[in-house]
Amino acid sequence: MKRSGGQLLVESLVALGARKAFGVPGESYLAVLDALHDTQGQLDFILCRNEGGAAFMAAASGKLTGSPGICMVTRGPGVTNASIGIHTAMQDSAPMLIFVGQVGTDMTGREAFQEIDYPAVFGTMAKWTVQIDRIERIPEILARAWKTATTGRPGPVVIALPEDMLTSLTDAAPLTGPAIIAEAAPAPAALEQALAVLGRAERPLILIGGGNWTDAGRRAMQIFAEASDIPVVAAFRFNDRFDNHSPVYCGEAGVGMPPHVRKLITNADVILAVNIRFGEMTTDAYTLLTVPVPEQKLIHVHASDLEIGKIYQPLLGIHAGPNEFAQALHPVAGKWAAWRQAGRAAFNAFFDAPAQPSPVDMVAVTAWLRDTLPPDVILTNGAGNFAVWPNKFFKYGPQARLLAPQSGAMGYGLPAAIAAKVAHPGRTVVCFAGDGDFQMTCQELATAAQANAAPIVLILNNGIYGTIRAHQERHYPARVSGTTMVSPDFAALARAYGFHGERVETTADFAAAFGRALASPTGAVLDLNISAEALTPRQTLSQMRDAALAAKAKA
Ligand SMILES: Cc1ncc(C[n+]2csc(CCOP(=O)(O)OP(=O)(O)O)c2C)c(N)n1
Ligand SMILES: [Mg+2]
């Protein structure tokens with residue numbers, strides 16, 4: 001049977017296990033769209049409004065499910081819009097395949113209409129970038145792309161599809177399924193050496209994060225950490241990879257790092273880092289551990305050999321997947337109970353922030369949400385100071401998920417919430433957004449409405465680009481420039497898109513409004529009246545400004 005390149009690609013994707021594709025159409029990949037006509041119900045095309053939103057949805061979908069998020073966009077203008085999601089998937093270690101139209105092979109290199117040299121442009125942004133020039137190589141290259149996106153340190157793969165290749169015909173057979181690739185297990189001697197080092201520790205710490213965790217792997221890690229009574233800290237925005245209700249869990253090493261987390265990392269004498277990359281936020285700009293040889297004895301376990309020794313020379317590197325490693329562990333004993341207890345007590349105490357100087361008080365709101373949201377809730381956020389609430393004022397149980405970008409990309413929260421609702425229509429999905437953050441991708445409300453995806457969006461509306469204003473007040477106090485924002489009526493905007501929308505003026509109004517949002521058959525947007533003063537849980541905007549002015553006066 002002869003197939004077009006589009007058909008061969010789409011049938012292969014179905015066989016690999018792809019169920020949703022997020023995209024914006026383009027004339028450069030009509031043959032793929034045509035093939036999707038025949039796979040509705042198997043591989044559905046979720047029509048998005050901007051490629052940035054589509055790529056965020058695919059990145060979030062990959063992070064949530066572990067199966068590559070699929071994104072389809074047109075060449076030049078389409079893929080440059082989508083690039084924010086490619087960058088985000090890379091920094092997040094999220095599996096993703098992004099298919100992009102390309103000019104015909106008869107004219108490549110001439111700077112033809114919307115042409116891009118994909119390997120040159122995305123070579124360092126994606127995990128792999130490839131162009132399929134010959135139709136019969138679609139199965140080979142697609143299989144490799146799927147494997148590349150999902151194994152080792154997962155990430156995004158960009159696949160360029162020349163138009164003439166897609167429309168040509170072939171006898172080549174589609175793929176029949178993904179390769180089964182067993183996770184690497186730790187070498188037994190290395191594992192025993194790691195446990196011996198841990199057993200001799202005085203203040204051990206486990207740092208955890210990354211992709212490809214299974215339920216069994218996470219359970220095994222928790223059993224080990226609890227039986228050994230070793231404190232656990234999550235890497236930046238991987239709060240949901242370890243049960244926060246466990247007595248060994250002590251918090252997240254992320255932006256706005258709580259002092260006790262900083263202390264746990266700096267004062268630890270042995271750190272067992274499982275499946276994390278050492279990013280800037282997790283290390284507080286590479287200061288908590290010394291580059292290249294940290295004072296802490298570092299045992300770094302990762303599924304990718306490229307991550308081990310990338311920045312920090314470990315005392316011992318172990319090339320193994322997180323689940324095989326966790327399941328091979330057996331408990332160690334030591335005299336560090338007080339060390340762990342102090343970390344846990346400080347984690348619990350962090351939730352007791354003072355009442356906020358704001359009509360809607362997020363300390364009270366998040367306390368209410370912690371008690372109210374179901375255990376399998378999915379929270380999402382983009383970037384801004386508002387992100388502190390879902391990132392530091394929520395306890396993620398074993399079924400809860402956090403979809404938040406390690407890249408700090410504004411606009412990620414709403415698309416991520418839509419992707420989560422598409423994957424799990426029955427679960428409660430709550431997006432935390434800033435007023436600036438929301439307006440990066442708010443047109444995707446239309447995507448949600450069309451796809452019957454019904455997330456609840458909380459806009460923490462403070463009238464400013466708060467994070468930048470905070471930096472501004474610290475470095476250039478009382479000289480506001482480019483950080484004050486005039487916004488539309490968000491509730492009315494939401495209603496125009498077919499969402500439930502309402503303004504929440506005070507804390508007392510929140511619970512009832514949230515109830516109406518939950519009860520709505522459509523998605524909902526709650527526009528929360530937040531004072532610009534309440535920029536961080538423990539320091540107001542004026543306090544920031546006054547401190548900077550006082551420091552300037554002294555200097
Ligand atoms: C796409 C993108 N553009 C710009 C930035 C820089 N940036 C980080 S936070 C921020 C302000 C966010 O404002 P808002 O969403 O209103 O949240 P707030 O800080 O006020 O809570 C900006 C502009 C970014 N991280 N991502
Ligand atoms: Mg704001």
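As the structure is a computational prediction, the values presented were derived from the model and not from experiment. Atoms within each ligand, like the ligands themselves, are counted from 1 in listed order.
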Considering only NZ, NE, NH1 and NH2 on the basic side and carboxylate oxygens on the acidic side, decide whether Glu307 and Arg153 come within less than 4.0 Å. yes
Measure the distance from atom 19 (O) of ligand 1 to every protein heavy atom, then report the residue, atom name and distance (to 0.1 Å) of the closest one. Asn385 N, 2.7 Å
Nearest protein heavy-atom contact for atom 3 (N) of ligand 1: which residue, which atom, what distance? Met410 SD, 3.7 Å
Is any N or O atom of Gly408, backbone or side chain, closer than 3.5 Å to an N or O atom of ligand 1? yes
Thinking salt bridges, do Arg19 and Asp44 make one under a 4.0 Å N-O criterion? no
Do any nitrogen or oxygen atoms of Leu535 lie less than 3.5 angstrom from nitrogen or oxygen atoms of ligand 1? no
Taking the six-membered ring for Trp and the single ring otherwise, decide whether the centroids of Phe278 and Tyr312 are under 6.0 Å apart. yes
Over 12 non-hydrogen atoms of neighbours within 6.0 angstrom of CD in Glu27: yes
Using a strict cut-off of less than 4.0 Å between a Lys/Arg side-chain nitrogen and an Asp/Glu carboxylate oxygen, indicate whether Glu252 and Arg237 qualify as a salt bridge. no
For Phe386, counting its heavy atoms only, list the atoms of ligand 1 lying under 4.0 Å from any of them. 15 (O), 17 (O), 21 (O)
Partner of Thr483 under side chain to side chain donor-acceptor pair (under 3.5 Å), picked from Gln472, Arg469, Glu473, is Gln472
Looking only at distance, does Gly436 have an N or O less than 3.5 Å from an N or O of ligand 1? yes
Leu460 near ligand 1, heavy-atom distance under 4.0 Å? no
Checking Arg538 against Phe350: charged group under 6.0 Å from the ring centre and within 45 degrees of the axis? yes
If you measure from each non-hydrogen atom of Asp435 to ligand 1, which part falls under 4.0 Å: side chain, backbone, both or neither? both
Counting both backbone and side chain atoms, is some N or O of Gly466 under 3.5 Å from an N or O of ligand 1? yes
Ile468 N/O to ligand 1 N/O under 3.5 Å: no
Only heavy atoms of Asn462, strictly under 4.0 Å: list the atoms of ligand 1 that pass. 18 (P), 20 (O), 21 (O)
Short list, please: which atoms of ligand 1 are under 4.0 Å from a heavy atom of Ile464? 16 (O), 20 (O)
Could you grab the angle centred on the Mg ion (ligand 2), going from OD1 in Asn462 to OD1 in Asp435, to 10°? 100°
Can you confirm whether or not the ring centre of Trp389 sits under 6.0 Å from the ring centre of Phe394? no
Enclosure of Tyr476 OH (heavy-atom neighbours >12, cutoff 6.0 Å): no
Looking only at atom types and distance, does a side-chain atom of Glu502 sit under 3.5 Å from a main-chain N or O of Val525, one as donor and one as acceptor? no
Heteroatom proximity flag, Tyr465 to ligand 1, N/O under 3.5 Å: no
Ligand 1 to Phe438 polar contact by distance, N or O atoms, under 3.5 Å: no
Show the atoms of ligand 1 that are less than 4.0 angstrom away from any heavy atom in Ala383. 12 (C), 15 (O)
Answer yes if the ring centres of Phe347 and Phe351 are under 6.0 angstrom apart, and no otherwise. yes
N, O or S from Gly463 under 2.8 Å to the Mg ion (ligand 2): no
In the protein, what heavy atom is nearest to atom 15 (O) of ligand 1, and what distance, to one decimal place, separates them? Asp437 N, 2.7 Å
